[in-house]
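In what follows, chains are A, B, ... by sequence order, proteins preceding strands, each numbered from 1.
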Amino acid sequence: MNINRRDFLKLAGLGGVVFVSGLGSLAGPVGAAQPKEDDFYFVQLSDTHWGFTGPKVNPEAPEMLKKVITTVNGLEQQPDFIFFSGDLTHVTDDDQERKTRLVQFKNAAKELKVKDVKFMPGEHDAGLDDAAAYKELFGETHYVFDHKGVHFIVLDNATDPRASVGESQLTWLSADLKRLKKDARIVIFTHRPLFDLYPSWDWHTRDGAKVLELLMPYSNVIVFYGHIHQEHHHMTGHIAHHAAKGLMFPLPAPGSVPKRSPIPWNAAQPYKGLGFRNIEAESKPVRYDIAELGMKGEKL
Amino acid sequence: MKLRESLFLMLSLAVAALIAGTVGGYALAQAKDRIIQAQEKEQAIQAQEKDRIILAQEKAQVIQAQEKERVIQIKAKRFEYTPNTITVKKGVPVVLEFTSLDRLHGFNCSELGIRTDIPPKKMTQVRFVPQKVGTFPFICDIFCGTHHADMSGTITVTE
Ligand SMILES: [Cu+2]
Ligand SMILES: [Fe+2]
């Protein structure tokens, strides 16, 4: 299966980008009557932190966003869509400056070749003004969309400064899920982890357990998130959770050091710990092949 | 012996006896005083001793009360806790008294199961009894601004 996959991708003209088998590959039940759906791939970009300054952490901070966009535009086969999983901008206490950063980010994202670009906020974008500026520029902070047979749910666990999804969103989620078959292909996007990865560092969602409880009856659920600025893979029951790298500064492994301060820039290994990912969604069987890529688009 | 001489002798004897009696009585009285004084002194010492014991007992009770609940005041403000390193003893109850100097913060030491909102303009108390020895990080878990990520500290529990 893996070999076939790679062959397919080579034929599809992905060139240097080699797809590895996803760590969270899902082999759920597929109904025989299910129509053949197209396989496709999308790109997850996370934690671009536009507006961050700190030469010791990232001396190239002002160029990072352009670099990322150039790299994604350079992918031989362009993804069906691009998803930004929050912390588009870096936090500022100044409302006007926050808006400026969000506007600059939005304009920069227009340079992407792919025009189907979707966003969600992180706490840096939305946690201080109840997403006022974010909503004005990007619209709702939680929404659903469908793409080639996959149901995508964007869940906002960042606007609430207490890291909650909140009752009204839970009700909304529950109603949305009720419309779906138990074996529907569901992809969840969040900013924070939905499980207790490391609550001492705010790496959790306060009512994440309630979300997971609602998702448990569904056999084909996978979660992609950001916030922790590093790759991380975890299972809660049959649900896989995949954290993406950040694109401004990496953070230390959960609990590995006393403080969750950014890992300083290493001139010998620039961009180390930064990157993004391609996710290929396959329908038969249901699986997601994740390829982690570096700042130059190289396979990691 | 002549009667006169006999009378004189008798008188002398009587005087001598009287003197002796008086002197003896005086000495006796003095001795008695001394005994009373000694007794009083003893009582005074005993009373002092008793005071000392009561004082010591009271002091012990105070110490016990302190061990019963140690109060630690913590100030929260953007973007720090003061103090941010706290040391407590295993088994000794602790009261954390939080005050925010600016806005809403959230104290969270998840490994010890302690979390509370810290609203401004009021004191918030949290009681706990440290059960496990070690150093446990705490943070502000309500996103509060630019250096929110730096708003952290540790609670160390010693044996
Ligand atoms: Cu975040
Ligand atoms: Fe972030």
How about [X]: does its [atom1] atom have over 12 heavy atoms from other parts shown lying under 6.0 Å from it?
{"X": "A/Lys56", "atom1": "NZ", "answer": "no"}
{"X": "A/Lys67", "atom1": "NZ", "answer": "yes"}
{"X": "A/Lys118", "atom1": "NZ", "answer": "yes"}
{"X": "A/Lys259", "atom1": "NZ", "answer": "yes"}

### Query
Given that the side chain runs from C-beta out, which part of B/Cys109 has a heavy atom under 4.5 Å from chain A: side chain, backbone, both or neither?
neither

### Task
Sort B/Thr146 into side chain, backbone, both or neither according to what part of it lies under 4.5 angstrom from a heavy atom of chain A.
both

### Task
If a pair satisfies side-chain hydrogen bond (donor to acceptor under 3.5 Å, both in side chains) and one of its residues is in residues 157-168 of chain A, list it, with sequence neighbours excluded.
A/Asp156-A/Thr159, A/Asn157-A/Thr205, A/Arg162-B/Asp117, A/Glu167-A/Lys210

Residue pair [X] / [Y]: nearest heavy atoms and the distance that separates them:
{"X": "A/Leu128", "Y": "B/Arg103", "value": "CD2-NH1, 4.3 Å"}
{"X": "B/Phe143", "Y": "A/Glu123", "value": "CE2-O, 3.2 Å"}
{"X": "B/His148", "Y": "A/Arg260", "value": "O-NH2, 4.0 Å"}

### Task
Considering only heavy atoms and a distance below 4.5 Å, find which of B/Arg115, B/His147, B/Glu111, B/Arg78 pairs most often with chain A.
B/Arg115

### Task
Count the heavy-atom pairs under 4.5 Å between each of B/Ala149, B/Pro137, B/Ser152 and chain A, then report the option with the highest count.
B/Ala149

### Query
In terms of heavy-atom pairs under 4.5 Å, which option from A/Asp202, A/Thr92, A/Val91, A/Asp93 contacts chain B the most?
A/Asp93

